[in-house]
Amino acid sequence: ASDFSATNGTIASVSGTGSAYTVTVTATADGDVSLAPSGDFSVLDIPGNATTTAGGTDRTVAYDSTAAAATLTQAAGQADPANNASIAFTFSSDEALDAATVTASDFSATNGTVASVTGAGSTYTVTLTATGQGAVTVAPSGTFSVNDIAGNPTTTAAGADRTVTYDSVAPALTVQQAAGQADPTNVATIRFTLAGNEALDGTTITADDFVVSNGSTPLITGSGSTFTATTTAAGEGTVSITVSPTFSVSDIAGNSTSGATVLADTSVTYDRQVTYDITAPTVTITQAASQADPAKNASIAFTFAASELLVASTVTADDFTVANGSVASVTGSGTTFTVTATAAGQGAVTIAPSGSFSVSDPAGNQTTTAGGTDRTVTYDSIAPTVTLVQAAGQSDPTKTASIAYTFTSSEILDQTTVTLADFTATNGTVASVTGSGDTYTVTVTATGQGAVVVAPSGTFAVSDPAGNQATT
């Protein structure tokens with residue numbers, strides 16, 4: 001044994017006879033174990049001739065008693081998510097493995113099958129075939145066991161990223177007015193939303209995917225499943241968006257959806273337009289069409305009308321002021337509202353915009369002035385006082401059978417209510433009633449000699465224009 005020296009080992013024994021001997025070395029640790037002639041090397045042949053050197057080149061053996069450390073992970077370059085059902089994972093070791101021991105049975109798959117195991121040395125590719133949409137996961141099987149070249153078995157494998165999402169279905173996309181986008185609006189910046197049922201590849205979403213009418217080329221922003229196309233209105237009116245003929249948007253796995261597919265979705269009506277309106281409405285305040293004038297009813301109606309729809313909540317009693325009255329209510333919607341005033345006294349009741357008058361259309365455009373000329377209604381709830389007397393200039397006595405009486409009122413009368421039926425004559429007949437305003441002539445034809453007397457009839461009822469009746 002003293003004829004030999006060992007590196008990373010000790011000489012355990014020397015055995016043999018004749019011309020062949022076995023030198024057995026016990027390794028000290030993993031690594032190369034080398035044998036060489038010692039400094040005292042000297043062997044004799046049978047006649048006694050001494051040899052002090054020994055030839056030979058392969059004097060080293062690698063001693064390995066440690067099992068390989070193995071990992072199983074998603075392959076570098078493997079898309080995740082992926083739209084290809086063939087999915088690659090890398091099985092690697094810190095040392096070369098016996099390839100014959102690395103087989104498909106060493107691996108199990110969830111939502112897939114092991115299609116192949118290829119490779120050599122310390123690196124192998126385990127290829128799975130996905131069986132359905134969703135997560136495809138690989139793991140060491142229950143019988144997992146691989147050997148290094150020295151035959152040391154490994155029965156476990158590290159590695160955390162062992163899942164790839166398989167997605168071969170194109171995303172469902174919608175294009176519509178953005179949530180929170182005012183419509184109509186008086187702001188030229190208008191937003192529309194492109195939304196998917198899954199995360200989208202933002203690099204596939206560009207301005208060229210859209211066509212905007214009455215607006216600028218859209219600016220695209222966003223991430224994940226939601227993107228915003230922002231345009232600037234070119235003019236008043238409808239600003240609309242649709243997909244272009246070249247529209248093609250992909251999910252992260254690379255599945256693309258065409259514009260035709262987006263437009264073919266009729267399950268829901270999508271609002272792809274916004275009205276841009278920067279013109280304030282034109283408004284008027286006038287006496288209501290059906291309002292009597294003069295009126296004997298203290299409740300007096302005026303019409304407030306606009307050239308376009310108004311926001312009803314901006315049309316309030318505070319927007320109006322009434323001379324000789326107060327605002328009782330404001331009702332209506334759309335373009336037409338009724339402002340009802342309550343007269344405070346006899347005479348003209350006049351409405352006007354108040355000092356704080358401000359009404360808005362749905363776009364938010366404010367109007368602080370109002371047109372309209374007929375804003376006054378005369379309130380008259382007092383019946384006229386009337387008299388019936390012999391006409392001035394009427395001869396009395398007279399030889400003419402046609403005798404005139406004067407019928408006068410304290411105010412103008414409704415001429416249609418002053419008729420023959422309102423008067424009766426004794427020793428005569430009422431021949432005519434003529435006149436207007438507050439003065440009328442009642443002509444009676446005498447039927448015999450003697451006193452001819454006129455008086456209100458039993459049905460006497462004359463009215464002023466407000467409808468107040470004088471009964472005597």
Side-chain angles (χ1 to χ4, degrees), residues 177-178 180-191 213-215 231-240 271 273-381 465-467:
Q177 186 185 107
Q181 171 61 55
D183 184 16
T185 180
N186 60 2
V187 177
T189 300
I190 296 173
R191 298 174 298 110
S213 296
N214 191 31
T231 185
T232 301
E236 288 197 279
T238 299
V239 178
S240 63
D271 188 358
Q273 61 185 32
V274 172
T275 298
Y276 176 54
D277 174 11
I278 56 173
T279 302
T282 301
V283 297
T284 59
I285 308 173
T286 60
Q287 185 184 113
S290 60
Q291 174 61 53
D293 186 13
K296 66 177 181 178
N297 190 327
S299 182
I300 298 173
F302 297 90
T303 295
F304 178 62
S307 58
E308 60 177 305
L309 296 176
L310 298 178
V311 176
S313 62
T314 69
V315 186
T316 69
D318 292 338
D319 290 306
F320 306 95
T321 182
V322 177
N324 189 31
S326 60
V327 178
S329 65
V330 178
T331 58
S333 62
T335 61
T336 306
F337 296 76
T338 297
V339 183
T340 302
T342 301
Q346 305 295 308
V349 177
T350 302
I351 194 169
S354 70
S356 60
F357 178 84
S358 178
V359 297
S360 301
D361 62 20
N365 301 299
Q366 288 187 330
T367 294
T368 57
T369 60
T373 55
D374 188 6
R375 297 177 176 175
T376 298
V377 173
T378 299
Y379 174 56
D380 176 8
S381 64

Determine whether Leu310 and Val315 make a side-chain contact, defined as any pair of heavy atoms from C-beta on separated by less than 4.5 Å.
yes
Sub-3.5 Å donor-acceptor pair from the side chain of Asp277 to the main-chain atoms of Ala363, do we have one?
no
To the nearest 0.5 Å, what is the distance between OG on Ser326 and CZ on Phe320?
14.0 Å
Examine distances only and state if a side-chain atom of Asn324 and a backbone atom of Gly345 form a donor-acceptor pair shorter than 3.5 Å.
yes
Which heavy atom of Gln273 sits nearest a heavy atom of Gln177, and at what distance?
O-NE2, 3.0 Å
Could you report the tightest heavy-atom contact between Val327 and Ala317, atom names first, then the distance?
CG1-CB, 3.7 Å
Parallel, tilted or perpendicular: ring planes of Phe304 versus Phe357, cut at 30 and 60 degrees
perpendicular
Using a 4.5 Å cut-off on heavy atoms from C-beta on, say whether the side chain of Arg375 contacts that of Pro353.
yes
Do you know which two heavy atoms are closest between Ala233 and Val239, and how far apart they sit?
CB-CG2, 3.7 Å
Donor + acceptor pair across side chains of Thr279, Glu236 (<3.5 Å)
yes
Indicate yes or no for a side-chain donor-acceptor contact from Asp361 to the backbone of Leu309 under 3.5 Å, with no hydrogens or angles considered.
no
Heavy-atom check, side chain of Thr331 versus side chain of Phe337, under 4.5 Å:
no
Tightest non-hydrogen contact, residues Ala348 and Thr376, listed as CB-CG2, 3.6 Å
Gap separating the CG atom of Asn214 from the OH atom of Tyr276, nearest 0.5 angstrom
9.5 Å
Tell me the closest heavy-atom pair linking Val274 and Ala182, and the distance in Å.
CG1-O, 3.6 Å
Working to the nearest 0.5 angstrom, can you tell me the gap between Gln287 CD and Ile300 CD1?
9.0 Å
Residue pair Val349 / Val322, side-chain heavy-atom distance below 4.5 Å:
yes
Find out whether Thr303 and Thr284 are in side-chain contact, i.e. whether some heavy atom of one side chain is under 4.5 Å from a heavy atom of the other.
no
Rounded to the nearest 0.5 Å, how far apart are CG of Asp374 and OG1 of Thr286?
7.0 Å
Keeping Asp293 on the side-chain end and Ala295 on the backbone end, is there a donor-acceptor pair under 3.5 Å?
no
Can you confirm whether Asp380 sits close enough to Gln346 that some side-chain heavy atom of one is under 4.5 Å from a side-chain heavy atom of the other?
yes
Heavy-atom distance under 4.5 Å between the side chains of Thr282 and Thr367, does that happen here?
no
Between Phe302 and Thr338, does a side-chain contact (heavy atoms from CB on, under 4.5 Å) hold up when you go through it step by step?
CA-CA 6 Å; Phe302 297 90; Thr338 297; over 6 Å; no
Taking the side chain from Ser360 and the backbone from Val311, do they hold a donor-acceptor pair closer than 3.5 Å?
no
For Arg191 versus Gln181, what's the shortest heavy-atom pair and its separation?
N-OE1, 2.9 Å
Ignoring hydrogens and angles, tell me if any N or O in the side chain of Gln291 forms a donor-acceptor pair with the backbone of Ala301 under 3.5 Å.
yes
Less than 4.5 Å apart, any side-chain heavy atom of Ile190 and any of Thr232?
no
Please determine whether side-chain contact (heavy atoms from CB on, under 4.5 Å) holds for the pair Thr275 and Thr185, giving the CA-CA distance in whole Å, both sets of side-chain angles, and the decisive distance to 0.1 Å.
CA-CA 6 Å; Thr275 298; Thr185 180; over 6 Å; no
Side-chain donor-acceptor pair present, Thr321, Ser354, cut-off under 3.5 Å
no
Can any side-chain N or O of Gln366 pair as donor or acceptor with the backbone N or O of Val359 at less than 3.5 Å?
no
Measuring from atom OG1 of Thr342 to atom CG of Asn297, what distance do you get when rounded to the nearest 0.5 angstrom?
9.0 Å
